[in-house]
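This is the structure I want to talk about, given as structure tokens.
Read the numbers this way: they start at 1 and go in the same order the structure lists the ligands and their atoms. These numbers come from a predicted model, not from an experiment.
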Amino acid sequence: MVNYDVLNFQIRGNHDGSLVALENSKEIPFDVKRVYYIWGTKRDVIRGRHAHRKLEQVIICMAGTCDFILDNGTEKETVHLDNPSKGLLIRHNIWREFTNFSPDCVIMVLASEKYDESDYIRDYQTFLDNVKNTAKGKTR
Ligand code: T46
């Protein structure tokens with residue numbers, strides 16, 4: 001089983017529309033240090049292709065749809081995002097690729113750390129080695 005969570009945010013809706021509120025350490029299980037968003041990606045483009053050493057993120061599809069393929073080094077799972085009231089929580093050491101973007105797809109990401117390229121693992125074999133070493137470290 002790949003370690004991720006889909007967070008279901010409370011919708012404060014009425015006849016005027018819907019509203020979701022997100023607070024640090026409440027709906028979002030960490031302090032948000034950075035927000036970024038992605039749009040205008042063609043359907044078949046594959047983004048991501050990396051893991052993070054430390055970073056945790058909550059990914060929200062604000063409009064449209066897309067698929068996240070999550071890989072823990074032995075198993076893969078695909079999570080379809082299609083609703084701004086859901087947040088995909090991805091922790092460290094998970095290889096992610098995302099694709100199958102609808103033309104109107106807008107993704108917003110809440111991140112636990114500021115941007116740091118040295119936190120990225122962009123080579124798949126290095127990711128597998130890192131997963132193995134982390135598992136060894138845990139059993140010691
Ligand atoms: C992730 C997925 C979901 C910055 O300068 N600052 C930033 O905060 C970010 C996120 C990126 N960049 C630069 C680095 C690259 O030159 O923007 C360029 C595109 O970034 P990248 O190729 O990493 O984008 P994605 O869509 O493949 O991945 C991004 C995040 O980087 C990553 O952490 O998990 O979205």
Inset, instruction - Can you measure from CD1 (Ile60) to CZ (Phe9) and round to the nearest 0.5 angstrom? - result: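 It comes to 4.0 Å.
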Inset, instruction - Assess Glu113 for proximity to ligand 1: is some non-hydrogen atom of it under 4.0 Å away? - result: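 Outside the 4.0 Å threshold, so no.
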Inset, instruction - Give the residue and atom name of whichever protein heavy atom lies nearest to atom 34 (O) of ligand 1, and the separation in Å to one decimal. - result: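 Checking every protein heavy atom, the shortest distance to atom 34 (O) of ligand 1 gives Gln57 NE2, 2.7 Å.
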Inset, instruction - Report yes if Gly48 has an N/O atom closer than 3.5 Å to an N/O atom of ligand 1; otherwise report no. - result: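 Yes, there is a polar N/O contact under 3.5 Å.
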Inset, instruction - First locate atom NE2 of His92, then atom CG of Asn3, and finally report the distance between them rounded to the nearest 0.5 Å. - result: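 That separation rounds to 9.0 Å.
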Inset, instruction - Looking only at protein heavy atoms, identify the closest one to atom 31 (O) of ligand 1 and say how far it is in Å. - result: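 It is Tyr120 OH, 2.5 Å.
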Legend entry - Spacing of OH belonging to Tyr4 relative to CZ belonging to Phe68, to within rounding of 0.5 Å: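 So the gap between those two atoms works out to 12.5 Å.
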Legend entry - Contact partition for Ile90 relative to ligand 1, non-hydrogen atoms under 4.0 Å: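 Answer for Ile90: neither.
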Legend entry - Atom pair CG/NE2 of Asp123 and His50 - distance to nearest 0.5 Å: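 If I round to the nearest 0.5 Å, the distance is 13.5 Å.
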Legend entry - Nearest neighbour of atom 28 (O) of ligand 1 from the list His50, Arg47, Arg49, on a heavy-atom basis: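 Ranked by closest heavy atom to atom 28 (O) of ligand 1, first place is His50.
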Legend entry - Distance-only side-chain donor-acceptor flag, Asn130 / Asn93, under 3.5 Å: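 Result is yes, a qualifying pair exists.
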Inset, instruction - Please round to the nearest 0.5 Å and tell me the distance separating atom CZ of Arg53 and atom CZ of Phe127. - result: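 Those atoms lie 11.5 Å apart.
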Inset, instruction - Identify, by atom number and element, the atoms of ligand 1 in contact range of Ile38, meaning under 4.0 Å from any of its heavy atoms. - result: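 Going through ligand 1 atom by atom, the ones under 4.0 Å from Ile38 are 26 (O), 35 (O).
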Inset, instruction - Report yes if some N/O of Arg34 lies less than 3.5 Å from some N/O of ligand 1; otherwise report no. - result: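 Arg34 vs ligand 1: N/O contact under 3.5 Å present.
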Legend entry - Numbering as shown, the atoms of ligand 1 that approach Arg122 to under 4.0 Å (heavy-atom distance):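 Every atom of ligand 1 under 4.0 Å from some heavy atom of Arg122: 23 (O).
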Legend entry - Any N/O pair Tyr115/ligand 1 closer than 3.5 Å: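 No; every N/O pair is 3.5 Å or more apart.
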Legend entry - Residues Glu97, Lys76: salt bridge by 4.0 Å N-O rule: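 So Glu97 does not pair with Lys76 through a salt bridge.
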Inset, instruction - Check whether any protein heavy atom sits under 4.0 Å from atom 15 (C) of ligand 1. - result: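 When distances to the protein are checked, atom 15 (C) of ligand 1 has no heavy atom within 4.0 Å.
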Inset, instruction - Check step by step if side-chain contact (heavy atoms from CB on, under 4.5 Å) holds for Lys86 and Val79. - result: CA-CA 11 Å; Lys86 289 186 192 307; Val79 181; over 6 Å; no
Inset, instruction - Write out the residue and atom name of the closest protein heavy atom to atom 29 (C) of ligand 1, then the distance separating them to 0.1 Å. - result: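 Minimum-distance protein heavy atom for atom 29 (C) of ligand 1 reads Tyr36 OH, 3.7 Å.
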Inset, instruction - Report yes if the side chains of Phe30 and Arg91 come closer than 4.5 Å at any heavy-atom pair, otherwise no. - result: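 Answer no - side chains too far apart.
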Legend entry - Any protein heavy atom nearer than 4.0 Å to atom 18 (C) of ligand 1: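 Protein heavy atom within 4.0 Å of atom 18 (C) of ligand 1: absent.
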Inset, instruction - Considering heavy atoms of the protein only, find what lies nearest to atom 33 (O) of ligand 1 and give residue, atom and distance to 0.1 Å. - result: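 Result for atom 33 (O) of ligand 1: His52 NE2, 2.7 Å.
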